[in-house]
Structures are given as C-alpha cells and as structure tokens.
Amino acid sequence: MSFEDNRLVSVLYGEQNAHLQKIEKALNVQIVNRGNEIVISGNDAGHARQVLEALWSRLEQGQTITPHTVKSAIRFLEEQPQETNGNSLQSFSESETQIVTKKKKIRPRSPLQAAYIQAMKDNKLVFALGPAGTGKTYLAVAMAVSMLDDGIIERIILSRPAVEAGERIGFLPGEMKEKMDPYMRPLYDALHDTMAADKIQKKLASEEIEIAPLAFMRGRTLSNAFIILDEAQNTTNMQMLMFLTRMGENAHMVITGDASQTDLPDGSPSGLVTAADTLAGTEGIEFINFTTKDVVRDKLVAKIIEAYDAKNKKGS
C-alpha cells in the first residue's frame with residue numbers, strides 16, 4: 001500500500017508506529033513501513049488492508065486517528081457482516097454515521113453503536129438495552145445536543161428514577177436540581193463532553209435543558225423535545241407507561257437501561273422488561289440490544305460483566 005499525503009502518514013502510523021503495531025497484534029499480520037509505503041504479510045493481510053484504508057479515509061475527511069479509532073476499526077471488521085461490495089468497514093468510513101455537535105463530532109466505535117445512531121435519527125422512540133460501558137447514555141445525550149444545536153428540537157429533558165441510593169428524593173438536601181444531581185451525573189458528564197460548560201448553565205437556567213425526576217413527569221405533554229429516560233430498568237410498569245404516554249408533537253424519546261441490574265424493591269417487575277416484551281415489533285419503535293462484546297470501555301470491564309453474569313447463572 002502507498003499513501004500520497006505524507007503529512008497524514010505519521011498520524012496513520014501512530015507515535016512510534018503504535019497504530020500499526022495494534023493492527024499487527026489484533027490480526028496476526030506483519031506490517032513493514034518504508035516512508036509512505038506499507039507492506040503487509042500474513043493470512044489476514046487483506047483485512048489489515050481494509051482497516052488501514054478505512055483509517056486513511058477518516059484522515060482524508062479531516063478526522064483524527066487515535067488508538068481508540070484503530071480499535072474501533074478492528075471491532076467493525078470483526079463484528080460487522082461483509083457489505084455487498086466486500087468491505088465490512090463501509091459504515092465505519094461513511095461520514096453520515098456520526099453525531100455532530102458544536103463542540104465535537106462523535107463517531108460510532110462498534111457496528112451496533114452505528115445502528116443505534118441511525119435508529120435515533122430514523123425513529124421517534126428508541127430503546128437501548130444492555131450492560132454498562134456500551135455508550136447507551138452518552139450517545140443519546142450527544143444526539144439530543146446535536147438536535148438542539150440544529151434547531152430540530154427546542155429543549156432537552158433528562159429523567160432518571162431516583163432509587164439507586166435507596167433514598168426518597170424528598171429527603172435529600174437542596175432544591176430540585178441539587179436533589180437530582182447525584183443521580184444525573186452520567187448525563188451531566190455526557191453533556192459536558194458535547195457542549196460548552198457556560199452554555200450548559202445558561203440552558204439549564206432557561207430550561208432549554210431540564211432535569212425532570214420521573215415521579216414528577218405525570219400529567220405533562222412533552223412537545224418539541226428530546227427526552228431521555230436513563231436507568232429505565234428501575235421503573236415500575238406504571239411509571240414506564242406514564243412516561244411513554246408523555247410524548248407530544250415533534251418529541252424524540254430514548255430509553256436506556258440494563259434489565260439485569262434492576263434495583264427495584266421486593267423483586268418488583270421492571271417496567272423496561274415489560275415494555276420490551278409488549279412493544280417488540282411495533283412500527284416506529286426501534287430496539288437496540290447491546291451485549292458485553294459491545295462494551296467500549298477497557299476490555300477488563302467486559303470481562304468483569306461476563307464473570308458476574310456467569311456467576312449469576314450458576315445461582316451462586
């Protein structure tokens with residue numbers, strides 16, 4: 001392989017050829033670089049070439065390449081079926097598969113994340129189910145910020161059941177925002193990653209971004225808004241039905257949760273599980289089911305989740 005733009009070659013290779021070494025290790029190939037030329041050998045040389053071509057395409061589009069980008073390209077290659085043109089990395093390279101905010105561009109790091117992004121663009125109601133670390137909440141917030149930036153919606157509403165700490169929200173100190181802050185931290189983290197801090201404060205003050213405890217959603221009709229219900233496995237059946245029926249004109253909803261991590265008392269049935277069973281196959285509603293292989297945090301996170309799942313299945 002040869003690359004015409006010498007300015008981008010060093011970015012493609014990585015510091016001290018770190019990116020090439022990552023590809024070598026993952027695909028069991030040998031890569032020798034001579035300036036702007038690369039020679040690949042090994043049984044998976046063709047796959048390594050696809051990865052490098054996809055990364056080069058990113059660079060030509062003005063994107064940066066990091067170790068995470070290389071890992072994502074390899075993940076796409078391993079997990080996504082071959083496209084009709086024989087390139088399993090087509091959706092990884094396509095510029096349309098991304099979320100664009102004023103602060104940054106977010107690209108999917110796995111095939112299912114790409115499907116999740118597309119589902120949020122195409123549907124008004126999306127359920128994202130699966131373990132921690134798969135990007136469910138982060139991508140939902142990023143999509144909400146993108147739509148707010150583009151004027152597609154007028155406000156963002158963030159909601160979450162306040163049951164994790166085993167305390168009633170009314171007993172926590174402070175005003176409503178302060179009461180909810182401990183529960184909303186993951187949503188705030190995603191907001192700060194996709195929007196300037198001063199803008200977040202202004203939009204919170206003007207209620208363009210609203211923190212709405214699930215218990216206080218009853219009776220509302222939510223229009224021209226992007227509504228996110230996080231940790232939805234901790235809703236009861238009645239709460240979930242109440243939330244789903246809040247949808248008004250030009251509303252977009254994303255409901256995230258991990259059905260295996262419910263904190264409801266006394267073994268109460270999860271509203272998320274019931275909704276998934278009841279609404280499966282309903283036109284206009286998309287379900288994205290992540291698994292441990294979709295975890296985009298450190299590989300150790302996926303191993304921890306799998307170990308606990310195996311222990312639970314044994315009943316020990």
Side-chain angles (χ1 to χ4, degrees), residues 1-83 85-95 97-98 104-117 130-136 138-139 290-310:
M1 300 179 65
S2 62
F3 306 96
E4 295 180 359
D5 193 336
N6 291 325
R7 297 172 302 170
L8 300 179
V9 168
S10 61
V11 183
L12 178 67
Y13 294 173
E15 186 175 350
Q16 297 182 340
N17 295 333
H19 298 165
L20 300 183
Q21 292 169 14
K22 186 177 288 289
I23 296 170
E24 284 183 316
K25 183 177 180 180
L27 300 180
N28 193 27
V29 297
Q30 294 77 47
I31 302 176
V32 178
N33 64 294
R34 303 185 182 95
N36 67 335
E37 293 187 346
I38 281 179
V39 176
I40 311 169
S41 57
N43 292 335
D44 273 340
H47 286 159
R49 181 186 183 96
Q50 285 187 29
V51 170
L52 287 163
E53 286 174 343
L55 294 171
W56 187 254
S57 176
R58 284 278 189 94
L59 287 171
E60 289 184 320
Q61 294 173 32
Q63 301 293 319
T64 187
I65 297 296
T66 68
H68 285 305
T69 315
V70 178
K71 181 180 177 181
S72 297
I74 296 168
R75 183 190 292 265
F76 268 80
L77 178 76
E78 294 173 342
E79 297 178 8
Q80 184 162 290
Q82 292 279 318
E83 305 285 352
N85 65 357
N87 184 2
S88 60
L89 285 158
Q90 181 176 341
S91 60
F92 174 83
S93 302
E94 289 175 348
S95 59
T97 312
Q98 62 182 336
K104 67 186 299 184
K105 293 180 180 179
I106 299 99
R107 287 179 175 268
R109 293 173 61 183
S110 73
L112 204 54
Q113 280 196 353
Y116 182 31
I117 291 172
T134 52
K136 305 184 303 295
Y138 179 84
L139 291 176
F290 292 98
T291 65
T292 52
K293 75 175 184 179
D294 299 302
V295 172
V296 293
R297 294 178 186 166
D298 192 279
K299 287 183 178 179
L300 191 57
V301 175
K303 292 179 180 179
I304 291 170
I305 295 171
E306 289 171 351
Y308 270 85
D309 285 346

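Exactly one of Val51, Ile65, Val11, Leu8 qualifies for a side chain to side chain contact (heavy atoms under 4.5 Å, CB included) with Trp56. That residue is Leu8.
Between atom CD1 of residue Ile74 and atom CD of residue Gln50 there is a gap of 12.5 Å, rounded to the nearest 0.5 Å. Here Lys105 contributes atom NZ and Gln98 contributes atom CD; the two are 5.5 Å apart, rounded to the nearest 0.5 Å. The distance from the NE2 atom of His19 to the OG1 atom of Thr66 is 6.5 Å, given to the nearest 0.5 Å.
Heavy atoms only, all atoms of each residue included: Ala114 and Pro108 are closest at N-CB, 3.4 Å. Closest heavy-atom contact between Leu55 and Ala73: CD2-CB, 4.1 Å. Nearest heavy atom pair, residue Phe290 against residue Gln113, reads CE2-N, 4.0 Å. Nearest approach of Ser10 to Arg7, heavy atoms of both residues: OG-O, 3.9 Å. Closest approach of Met1 to Glu53, counting heavy atoms only: CE-CG, 3.7 Å. For Val29 against Ile23, the heavy-atom pair with the smallest separation is CG2-O, 4.2 Å.
Between the side chain of Gln30 and the main chain of Ile40, no donor-acceptor pair closer than 3.5 Å is present. The backbone N or O of Gln16 sits less than 3.5 Å from a side-chain atom of Gln21, completing a donor-acceptor pair. Although no hydrogens or angles enter the test, the distance criterion places a donor-acceptor pair under 3.5 Å between the side chain of Tyr116 and the main chain of Lys136.
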### Query
Please walk me through it: do Leu52 and Leu12 pass side-chain contact (heavy atoms from CB on, under 4.5 Å)?
CA-CA 8 Å; Leu52 287 163; Leu12 178 67; 4.2 Å; yes

### Message
Between Val39 and Ile31, is the side-chain contact (heavy atoms from CB on, under 4.5 Å) condition met? List the steps.
### Response
CA-CA 6 Å; Val39 176; Ile31 302 176; over 6 Å; no

### Task
Could you check Glu4 against Asn36 for side-chain contact (heavy atoms from CB on, under 4.5 Å), going step by step and ending with a plain yes or no?
CA-CA 7 Å; Glu4 295 180 359; Asn36 67 335; over 6 Å; no

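Applying the salt bridge (Lys or Arg N to Asp or Glu O under 4.0 Å) rule to pairs touching residues 18-45 yields nothing, sequence neighbours excluded.
In this structure, the side chains of Ile106 and Tyr138 come closer than 4.5 Å at one or more pairs of heavy atoms. Looking at Leu77 and Leu27, their side chains come closer than 4.5 Å, going by heavy atoms from C-beta outward.
Atom CG of Asp5 has more than 12 neighbouring heavy atoms from other residues, nucleotides or ligands inside a 6.0 Å radius.
When only modelled atom types and interatomic distance are considered, Gln61 and Ser57 share a side-chain donor-acceptor pair under 3.5 Å. Ser72 and Thr69 are not linked by any side-chain donor-acceptor pair at a separation below 3.5 angstrom, with hydrogens and angles left out of the test.
Taking the six-membered ring for Trp and thresholds of 30 and 60 degrees, Phe3 and Tyr13 have ring planes more than 60 degrees apart, a perpendicular arrangement.
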